[in-house]
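Can you read through this structure? Questions will come right after.
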Amino acid sequence: MKHGSQLPRPPIIYRMMQAVMSPILKALGISCRNAFNLCNEQMDRELTKGESFRLRIHLMMCGICRQLPAQFDGMRKLIQFTGEDNHDDISCCASLSEETKARISGHLRSRDKH
Amino acid sequence: MQHADALYRYALSRIKDHHASEDLVQDCLSVAWQRIDTFNGRSSLSTWLIGILKFKIIDHFRKSKRTPTDQSAETDETGNDPVDNLFTSNGAWKVNPNHGLEILAKAPDDLASLNEIMAWVRTCMDRLPDRLRTLFTLREVSGLDVTSAALAAGVTLGSAAVLLTRSRQRMRLCLQENGIQP
């Protein structure tokens, strides 16, 4: 399956505008793809002043990309929530066998003696 | 041993390996046993134990991937960067990037209370290739900085940056394709 093939196309106004503007934006290094990559990269590192400026310019004029930074932040928060309750939910039914508990107890006792 | 099951579940949810999880719990309790006099009671005992276990899990990843490898060329099954399908050759969107993610930008806290959505997030994480998932989990769930996560996952720092951005792209796409509207 091709990634993204099931998603709807962007609004018609965006497509019409990009038909004219996208070669220029690409040449200036401020295309939607550039903005998407910068939003993604700023989750791991501080952008340079130039990158930050290019991103701000793009987000000012592109309504469809404007939510990208908030979406990346939101995704991070959501994933952190997943991590916090992961051990209570995803493995909710998992538990150590009595045999393993006995082995660990024995191991701790033997360390205690030493 | 009252905390052992909770520790085991925590380890299992991170490393998906029953035997290794058991060993990590044993190591964790062993360290805790030796250092119990350093436990000052400012946090709960379970929080203290989970803290020790987190270090053990990072050590586990570090030991199991001793040689840093350059994984930056990792692509999808077809050999393409998944992002190529999202943009035209001029870098304009081919798909609506906000589809299914509107609420993510507005109220992630509200989404977290919805079990079905959290289950999808976990499913999407599980669908990441092993190396991506390990690195992504260390960075996003365990909250390590990029350098530490790369070291623990056994990838070079340069590769880690690429792999992390790729993991986020895949996560976004997976969430969009499955829809996370409440």
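By convention in this document, chain letters (A, B, ...) are assigned in the order of the sequence lines, proteins followed by strands, and residues within each chain are numbered from 1.
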As a quick check of understanding, evaluate disulfide (SG to SG under 2.5 Å) for A:Cys32 and A:Cys62, giving each step before the final call. CA-CA 8 Å; A:Cys32 293; A:Cys62 181; 3.8 Å; no
What I want to check is whether the side chains of B:Asp27 and B:Ser30 have a donor and an acceptor closer together than 3.5 Å. no
Of all of A:Asn37, A:Leu25, A:Leu68, A:Ile24, which one pairs up most often with chain B through heavy atoms under 4.5 Å apart? A:Leu68
Side-chain donor or acceptor of B:Glu22 paired with backbone N/O of B:His19 under 3.5 Å: no
Which region of A:Met43, side chain (C-beta onward) or backbone (N, CA, C, O), has a non-hydrogen atom less than 4.5 Å from a non-hydrogen atom of chain B, or is it both or neither? both
Flag for B:Asn98-A:Gln71: side-chain donor and acceptor within less than 3.5 Å: yes
About how many Å separate CZ of A:Phe72 and CD of A:Glu41, when rounded to the nearest 0.5 Å? 10.0 Å
Contacting moiety of B:Met125, where chain A heavy atoms sit under 4.5 Å: side chain
Contacting moiety of B:Arg139, where chain A heavy atoms sit under 4.5 Å: side chain
Top residue by heavy-atom pair count (under 4.5 Å) with chain A, among B:Asn96, B:Thr88, B:Thr137, B:Leu7? B:Asn96
Can you say whether A:Asn34 sits under 4.5 Å from chain B via the side chain, the backbone, both, or neither, judging by heavy atoms? neither
